[in-house]
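Note: hydrogens, waters and symmetry copies are ignored here, and every other heavy atom, side chains too, is used. Given the structure is predicted, the values throughout are model-derived calculations rather than measurements. Below, chain A is the first sequence line, B the second, and so on; all start at residue 1.
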Amino acid sequence: MPELTYLEAINAALHDEMDADPRVFCLGEDVGRQGGAFGATKGIQQKYGELRSIDTPVAEAGIAGVAIGAAMAGQRPVAEMQFGDFVSIAFDQIVTCAAKMHYRIGWAVPMVVRCPNGGGVGGGPYHSENVEAWFHHHAGLKIVCPATADDAYGLLRASIQDPNPVVFCEHKFLYRREKADVPTGADGRIVPLGKARVARTGSDLSIITYASTVRLSMAVADTLEAEGTSVEVVDLRTLVPLDREAVLASVKKTGKAMIVHEDNLTGGFGAEVAAIVAQEAFEYLDAPVTRVAAIDTPIPFTPVLEREYLPTEEDILRAARELAAY
Amino acid sequence: MPELTYLEAINAALHDEMDADPRVFCLGEDVGRQGGAFGATKGIQQKYGELRSIDTPVAEAGIAGVAIGAAMAGQRPVAEMQFGDFVSIAFDQIVTCAAKMHYRIGWAVPMVVRCPNGGGVGGGPYHSENVEAWFHHHAGLKIVCPATADDAYGLLRASIQDPNPVVFCEHKFLYRREKADVPTGADGRIVPLGKARVARTGSDLSIITYASTVRLSMAVADTLEAEGTSVEVVDLRTLVPLDREAVLASVKKTGKAMIVHEDNLTGGFGAEVAAIVAQEAFEYLDAPVTRVAAIDTPIPFTPVLEREYLPTEEDILRAARELAAY
Amino acid sequence: MTSPARKISVVPDLPSVEVSDDLALDLYYWMTLTRAVEERALNLYRQGKLPGSYYTGRGQEAIAVGIALPLVRGEDGDWLSPWIRDLGSYLVHGVPVWRIFAQFMGKAGSTTRGKDGNLHIGGREWNIPCQVSHMADMIPLTVGAALAYKQRGEKRVAVTSFGDAATSRGDFHEGLNIAAVLEVPAVFVAENNGWGYSTPISKQTKVTDLHRKAAAYGIPAVSVDGNDVFAVYAALKASVDAAREGGGPQFVECKTYRMGGHAAHDKYESYMPMEVLAEWSDKDPIKRAEAILLEEREITEARLESIRERARDEVRQAVEQAEDDGYPDAAEAHQGVFAETAD
Amino acid sequence: MTSPARKISVVPDLPSVEVSDDLALDLYYWMTLTRAVEERALNLYRQGKLPGSYYTGRGQEAIAVGIALPLVRGEDGDWLSPWIRDLGSYLVHGVPVWRIFAQFMGKAGSTTRGKDGNLHIGGREWNIPCQVSHMADMIPLTVGAALAYKQRGEKRVAVTSFGDAATSRGDFHEGLNIAAVLEVPAVFVAENNGWGYSTPISKQTKVTDLHRKAAAYGIPAVSVDGNDVFAVYAALKASVDAAREGGGPQFVECKTYRMGGHAAHDKYESYMPMEVLAEWSDKDPIKRAEAILLEEREITEARLESIRERARDEVRQAVEQAEDDGYPDAAEAHQGVFAETAD
Ligand SMILES: Cc1ncc(C[n+]2csc(CCOP(=O)(O)OP(=O)(O)O)c2C)c(N)n1
Ligand SMILES: Cc1ncc(C[n+]2csc(CCOP(=O)(O)OP(=O)(O)O)c2C)c(N)n1
Ligand SMILES: [Mg+2]
Ligand SMILES: [Mg+2]
């Protein structure tokens, strides 16, 4: 079993789903011969041909719309946005057509929109966006945000198999930094959508997080452990459906909730988690519900500014110490 | 001083700003001779001519983009979406170009996008959307949601005068239902963005709300008053900038926070308010932070389903009673 | 009983198409039914029995019917995504009349179980996706369906219609361009009725001959008289055949005129020139078809009357059934956001 | 000293344009400067001194320069929104060289104060809006600026350039259509270099002669040799003049070839045909201009060398100044989300 990076795990999941189901196909800009801007679709055109690996024109609304139509006509499209940022152009197709079709006529739209997400890579305001909050408000869309190579593989397979439109937010910063021994092919493990993962158990406070900030939170938990504070880290994995039970169980146990994400603070998914906690676990809370997230600005380009923008391990640590001491 | 409906107040604000500032102009589908689908721009083409009242092709991305460019070139465009729902098509232009331009190069984009918002009018899934949560996450946009005819007038004038892109969510249900004696012209009152309005003072619990649910909340407050519960109603007026002080002052006073909006629950603006309250007023809270909102589905068409979808006065009353009794 | 089929050749670019008398009568029947449904629905709307807005395609029945009749019906047939003027397309493609009334009324028997209204009609059983309000959004979807058929090597086509104003939208452009590049079996039908709500086409685009827009994508295009049901049928039949046989996407412009307001509540008298309306009234597609059937095809008036009678009967029964139908339970509002299975 | 102006007539549709020797040398100077900046920046990038990605417009300098030189500079001049291949446009339109290096380096002197990178350069003082990554988004903005000039009765134009792949986007379509209908003074320049990242234009559109797309909007269009700076200049000059004088929007296609990867990190050798690259290398716009200057205009080699020397000097000084510049304070990240005033 080879060690795969998060990016290789995505590639493997695509290969395995293409293999298992002839209805699955990839489409997007440069996804074919080139294998995509990051190589996520590498080898697929060579193996499955041009009809199942389609280099599209630069037209994100069109790409999404074509995927929706193909899904309704019985295929299982996996559309790639070259960068998640560009899914803003497909916003209308996704919320207007994909999200509402099943509710209206019970006709499923089984498709995945892969969005290379997130900052920390010097991409500037248009190659670093975290797009989950563009969609999590919208009934009818599933939102998946893997934090590890295993989950990237298992959640992508589950997303492709899911009968609903899924916005799959794969974090670019993790592409080559997250690695694991990921079983693939016949041994591949599907990770069901809607199940959080307790990445680390603890008793003093809960960090609820997902994607790129899981590893930061784990590091913080290590540091605090040494200081005598026991931190539980809940990796949400999917924002929609949300594993409310896992979130509430953890907070009820520790009495302290901290929500961490890389995306901007205001109106980020953390607000929803905080609201749920403040409503449903109120009686268990020993401290304010705390959020750590990016500042409320676009994502600046130059490293010194990008660092200021992003939530760092230090930011999380500081907030966690405060919360622990509360 | 004539009594104006909310819709007439919007029309008056447009006239008054067109009059006061030659840079102001209206654009959108059917806004010219027709005065728009609802009559919001009535009389403007007749008075100010075709160059300042432009019937555009059906192209919401183009309309938004043209407004942005015109704003940067020194004009003060007021773009109308025929229904707020269609702003999904302009999403990319608004978040990509309008929201981030000033942050990047300090070049202001003074424009307003008027979005006829909201349900309760039998419009179905594509003529009833509340669009504020599509944008409130996005740094660089102001979001305005008037609840009364006075505010519709005063906030629209403030929005047009503001040097930033403003998403102006005017509620269709209120168009002809809200009325007030609204001074206009030289006597017109500007309502500054970022200042909430305590619509009713109270001491037992705070309802924080905006737009169409303000009137419902006021009715609930009346009912509860008779039952001996004193409800404070805070009308946010603008979601961005948010008047945090007003929200926190109210909650700190009453110890109980309930957030009410017509938009879907999950990821709605109420989540953000709840998160702020749970973090910053935690020590003052005597009860769970409660949210009342639409159910998490698209907006169904037929009256019996639409009623089930929308938060009603009864829903708010029930939740408020529970909270009061907590 | 029926005279031999006639060849209809609308435009030199397309092969001519045979239209037998039976087919001609079919076209007539569907147009008649379409108008009967719409007239009845308009009455119901005026009586306050239909929630929401009401749109009619009066005067455009030849297009609605001519688009759909060349297509294969049923779940495994051709994809059809009609525009809101095209009630006739829904009827021809298989949606039962009573369910259309139920849809207008917001009843449980609506194709959307009351969740959507007016012409937002659809269902997998008819291979009709449910259109959204957002004009031109259905164009890329139609391209996607056509792509699916091509990928699986099925000889099916995907067809969509839209108004002239929809050609201003980005999704029109992206959809057509992708269709051309991927060479999928999609047929695009532009219904050029001169207006988009209160806006005349001259303010919508400088190129008011919409078929000329197809050249920007390298898509073959024709323009036909949209008030001549035989011409529309022939253009569609030839285009659909071409697409089905691997000829790639096709574009058909149907020229017509909007015979009234944008919707029933629209005070169009304030902006539409009455004399032009009157002129077009003389070109009414049903009257024109009648004249051809009576004069050129020598069909008897009695036969036409029996067809009209059949249509009226169907409408009567359908309205009864829809009126008897209940409203959905409130609980329905909570159902169906997500699919449990795709099949 | 200079020979008399020559009339350049690129296409029969456009009036011919005078290009004096001084102007010809100006064009040469700006192309030379553009290349010198890009070569230096590429070195810096390879040394790891430029964060982010690095894009060059090598081989497209004639377009970048030819677009900008006919325009009026300055805050009250013409709006110019260049594409990422058009470093030369920024230079000609007034952005100081050192600030471009500062931009690449993410320094405080960057036109975005380090908030954006690479060719996302802009500022009100030059009437250059800062482009966004999202291809074609700047087209509607440019139409809006042109509209503002028309509304105020100012004789200004708004110009934008974009790559061939951008023509697939909805915003291209919506922008051009609106520009045509509103008859605004906008000029659209399509740089047809045959590729969009790894995708050849044949997979981008069936209509690879991009000027033919303008016909769908009723916009006058010409196509010129994008490697001939005199032709590009003349086409732009004539188009800009036409737009300025009330002729409505204009479209210019410049045919060229992308002389390498999409960005510096792109392994284009795997997909670009080397023999075609070699052919186009012979058509290098700077070499071609040199030949014309030396042979047809009888400019001395010494004069050209002094121009090249001037460009090298400027680059040297600019790099020094940019290197001396500091990075922005971290606090800058928090500033500027909202404007306090629009003026
Ligand atoms: C994207 C979008 N913008 C606006 C509307 C509102 N609207 C509904 S129909 C219509 C005009 C349609 O004109 P056209 O496409 O010519 O069709 P017709 O009504 O003439 O059949 C408009 C503007 C819409 N449905 N979708
Ligand atoms: C909307 C959008 N989608 C995808 C990208 C990623 N991208 C950057 S440049 C490019 C290709 C550009 O090709 P073209 O327009 O021909 O310009 P060229 O690079 O050839 O100059 C792509 C796909 C983008 N910037 N914007
Ligand atoms: Mg029309
Ligand atoms: Mg190119």
Would you please go through [range] and name the residues with a non-hydrogen atom below 4.5 Å from one of chain B, in numerical order?
{"range": "residues 85-101 of chain D", "answer": "none"}
{"range": "residues 126-135 of chain D", "answer": "Asn127(D), Ile128(D), Pro129(D), Cys130(D), Gln131(D), Val132(D), His134(D)"}
{"range": "residues 336-343 of chain D", "answer": "Gly336(D), Val337(D), Phe338(D), Ala339(D), Glu340(D), Thr341(D), Ala342(D), Asp343(D)"}

Over 12 foreign heavy atoms within 6.0 Å of NZ, Lys42(B): no
CZ/Arg152(D): more than 12 non-hydrogen atoms of other groups inside 6.0 Å: yes
Residue pair Gly122(D) / Ile105(B): nearest heavy atoms and the distance that separates them: O-CG2, 3.4 Å
Least distance between heavy atoms, Lys115(D) atom then Arg104(B) atom: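 Heavy atoms only, the tightest pair is CB-CA, 4.4 Å.
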What part of [X] gets within 4.5 angstrom of chain B, counting heavy atoms only: side chain, backbone, both, or neither?
{"X": "Leu182(D)", "result": "side chain"}
{"X": "Arg156(D)", "result": "neither"}
{"X": "Ala180(D)", "result": "neither"}

Identify which part of [X] has an atom lying under 4.5 Å from any heavy atom of chain D, answering side chain, backbone, both or neither.
{"X": "Thr56(B)", "answer": "neither"}
{"X": "Glu60(B)", "answer": "backbone"}
{"X": "Ala139(B)", "answer": "both"}
{"X": "Lys100(B)", "answer": "neither"}

Between Asp162(B), Leu141(B), Asp55(B), Asp92(B), the one whose heavy-atom pairs under 4.5 Å with chain D are most numerous: Asp92(B)
Option that, when pairs with chain D are counted at under 4.5 Å, heavy atom only, ranks first among Leu51(B), Ile63(B), Thr96(B):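 Max contact count across the listed options: Thr96(B).
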Roughly how far apart are [X] [atom1] and [Y] [atom2], rounded to 0.5 Å?
{"X": "Gln151(D)", "Y": "Glu50(B)", "atom1": "CD", "atom2": "CD", "result": "12.5 Å"}
{"X": "Ile68(B)", "Y": "Met138(D)", "atom1": "CD1", "atom2": "CE", "result": "9.0 Å"}
{"X": "Thr112(D)", "Y": "Met101(B)", "atom1": "OG1", "atom2": "CE", "result": "12.0 Å"}

Is the side chain of [X] donor-acceptor paired with the backbone N or O of [Y] at a distance under 3.5 Å, no angle test?
{"X": "Tyr103(B)", "Y": "His334(D)", "answer": "no"}
{"X": "Gln93(B)", "Y": "Asp137(D)", "answer": "yes"}
{"X": "Gln75(B)", "Y": "Ala148(D)", "answer": "no"}

Residue selection (most heavy-atom pairs with chain B, distance under 4.5 Å) from Ala333(D), Ala158(D), Gly114(D), Ala146(D):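 Result: the option with the highest number of such pairs is Ala333(D).
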Sub-4.5 Å side-chain heavy-atom contact between Ile54(B) and Leu147(D):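 Yes; the side chains approach each other to less than 4.5 Å.
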Set of residues satisfying salt bridge (charged side-chain N to carboxylate O under 4.0 Å, His left out) with respect to Lys213(D), sequence neighbours excluded: none
